[in-house]
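Worksheet: one structure, shown below.
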Amino acid sequence: MSKVAIVTGAARGIGLATTDLFLEMGWRVAMVDRDAAELDATATPRDGALGFVCDVSDPEAVAELATQISAKMGRVDALVNNAGVAEFGPIEECDFTTWRRVMATNLDGVFLMSQALTPALKETHGAIVNIGSISGLRASTLRVAYGTTKAAVIHLTKQQAAELGEYGIRSNCVCPGPVRTKLSIAVHSPAIIAAYHDAIPLNRYGSEREIAEAICFLCSEKASYISGQILAADGGFESTGVGLPALRS
Ligand code: NDP
């Protein structure tokens with residue numbers, strides 16, 4: 001029976017590109033998203049993919065989803081916790097509702113999905129890949145909620161690697177640099193886009209596919225001895241710090 005990946009936030013963006021790469025690799029994919037209309041439009045034409053509408057921040061819905069996926073897909077070899085939301089704003093203006101909304105999807109969702117799918121992943125000695133962000137590796141302005149969730153996801157990955165390794169489950173984290181998706185278009189102003197170009201050695205945004213390549217590698221047998229690692233797919237951003245824009249000009 002072909003392998004199965006669960007990809008959350010799969011209706012668009014990085015999750016959709018990851019779905020397509022898994023399908024090219026011959027895997028089947030459980031595409032999970034809360035946007036039912038977009039999920040239907042993207043899952044239906046894809047052979048080997050099945051759409052599951054679910055809000056990953058809802059514990060009951062996630063428990064029900066785990067049962068449904070096991071029944072319909074038969075096995076789970078990889079879980080990609082990719083669903084995420086971004087809200088940018090000054091620290092003093094981040095009200096508690098906003099804080100909780102970002103935590104609920106970006107952090108609670110990763111915890112809930114991973115816990116619910118651990119029994120299935122034990123059976124296959126499967127892999128978890130959590131999607132962090134360069135905003136979780138380096139602090140910046142406007143990202144008090146978003147950056148804090150992503151830093152927590154990086155640590156949660158290490159907790160998972162430490163605790164689930166004895167079951168043969170690997171857990172790793174991919175930290176993307178900027179990619180033009182619905183999420184980033186909403187929060188990246190022209191000034192932010194220009195600043196990113198300056199700060200990234202490769203001098204450009206990444207593509208959804210470039211992030212998917214890192215994710216699928218970490219889910220594959222090629223990464224069978226890699227666990228607890230944080231891989232920045234970021235055009236070199238994380239490696240730099242001192243005076244890059246000034247040196248360029
Ligand atoms: P997109 O907005 O393009 O896609 C995310 C999808 O996840 C959307 O369909 C969204 O639905 C869905 N989603 C959001 N919350 C939930 C939820 N609670 N339950 C189920 N589905 C949900 O985002 P990207 O592809 O850009 O982002 C994917 C991941 O990559 C995120 O974790 C993000 O933080 C991370 N990332 C992205 C970067 C970028 O520059 N794009 C940079 C660094 C990290 P809806 O539209 O309704 O919100």
Side-chain angles (χ1 to χ4, degrees), residues 5-10 12-18 21 32 56-57 78-88 99 101-115 117 127-164 169-184 186-188 192 196 199-200 202 205-220 223 226-241:
I6 301 174
V7 180
T8 70
R12 54 169 60 81
I14 293 167
L16 186 57
T18 303
L21 186 50
V32 176
V56 298
S57 70
L79 167 64
V80 180
N81 285 309
N82 166 77
V85 295
E87 305 226 14
F88 283 13
W99 172 266
R101 187 167 52 242
V102 180
M103 290 287 155
T105 289
N106 293 10
L107 183 56
D108 300 353
V110 176
F111 170 74
L112 291 169
M113 284 294 296
S114 302
Q115 195 177 52
L117 273 309
I128 298 172
V129 171
N130 299 319
I131 307 307
S133 168
I134 52 172
S135 298
L137 292 166
R138 299 250 199 103
S140 184
T141 50
L142 308 181
R143 283 155 233 224
V144 62
Y146 183 74
T148 304
T149 61
K150 294 302 188 178
V153 164
I154 288 168
H155 191 76
L156 178 53
T157 302
K158 294 177 184 176
Q159 286 294 143
Q160 290 173 338
E163 290 199 38
L164 303 179
I169 300 174
R170 298 179 297 106
S171 180
N172 292 289
C173 181
V174 171
C175 289
V179 177
R180 285 192 70 75
T181 62
K182 180 186 170 201
L183 174 143
S184 66
V187 291
H188 290 184
I192 291 177
Y196 266 132
I200 292 173
L202 289 182
Y205 273 42
S207 69
E208 291 92 331
R209 177 71 177 211
E210 288 174 309
I211 310 303
E213 293 283 358
I215 296 168
C216 291
F217 162 69
L218 288 170
C219 290
S220 77
I226 301 176
S227 192
Q229 293 303 301
I230 313 306
L231 176 59
D234 68 350
F237 175 83
E238 220 238 327
S239 65
T240 65

Look at the rings of H188 and Y205 and say which category their plane angle falls in: under 30° parallel, 30 to 60° tilted, over 60° perpendicular.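 H188 vs Y205 ring planes: perpendicular.
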Evaluate side-chain contact (heavy atoms from CB on, under 4.5 Å) for F217 paired with V174, printing each intermediate quantity in order. CA-CA 11 Å; F217 162 69; V174 171; over 6 Å; no
Residues E87, R101: salt bridge by 4.0 Å N-O rule: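 A salt bridge is present here (some side-chain N lies under 4.0 Å from a carboxylate O).
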Could you walk me through whether L231 and L218 pass side-chain contact (heavy atoms from CB on, under 4.5 Å), step by step? CA-CA 9 Å; L231 176 59; L218 288 170; 4.2 Å; yes
For a quick test of reading the model, state the closest non-hydrogen atom pair linking [X] to [Y] and the distance between them.
X: R143; Y: S135; answer: NH1-OG, 3.3 Å
X: S184; Y: V179; answer: OG-O, 2.5 Å
X: C219; Y: A78; answer: SG-CB, 3.7 Å
X: C173; Y: I154; answer: SG-CG1, 4.0 Å
X: A233; Y: I211; answer: O-CD1, 3.6 Å
X: V56; Y: L112; answer: O-CD1, 3.7 Å

I131 vs V153, side-chain contact (heavy atoms from CB on, under 4.5 Å): CA-CA, chis, key distance, verdict: CA-CA 8 Å; I131 307 307; V153 164; over 6 Å; no
Side chains of I226 and Q229 in contact at under 4.5 Å (non-hydrogen atoms):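 In short, these two side chains touch, coming nearer than 4.5 Å.
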Any side-chain heavy atom of T148 within less than 4.5 Å of one from W99?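 In contact.
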Under 3.5 Å side-chain donor-acceptor pair for Q160 and S114: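 Yes, a side-chain donor-acceptor pair sits under 3.5 Å.
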Please, which pairs that meet side chain to side chain donor-acceptor pair (under 3.5 Å) have at least one residue in residues 103-112, sequence neighbours excluded?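 Residue pairs with at least one partner in residues 103-112: R100-D108, N106-T149.
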Using the side-chain hydrogen bond (donor to acceptor under 3.5 Å, both in side chains) rule, take T157 and N130 through it: C-alpha gap first, then chi angles, then the decisive distance, then the call. CA-CA 7 Å; T157 302; N130 299 319; 3.1 Å; yes
Side chain to side chain donor-acceptor pair (under 3.5 Å) partners of S227, counting only residues at least two apart: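 With neighbours one apart ignored, the set is empty.
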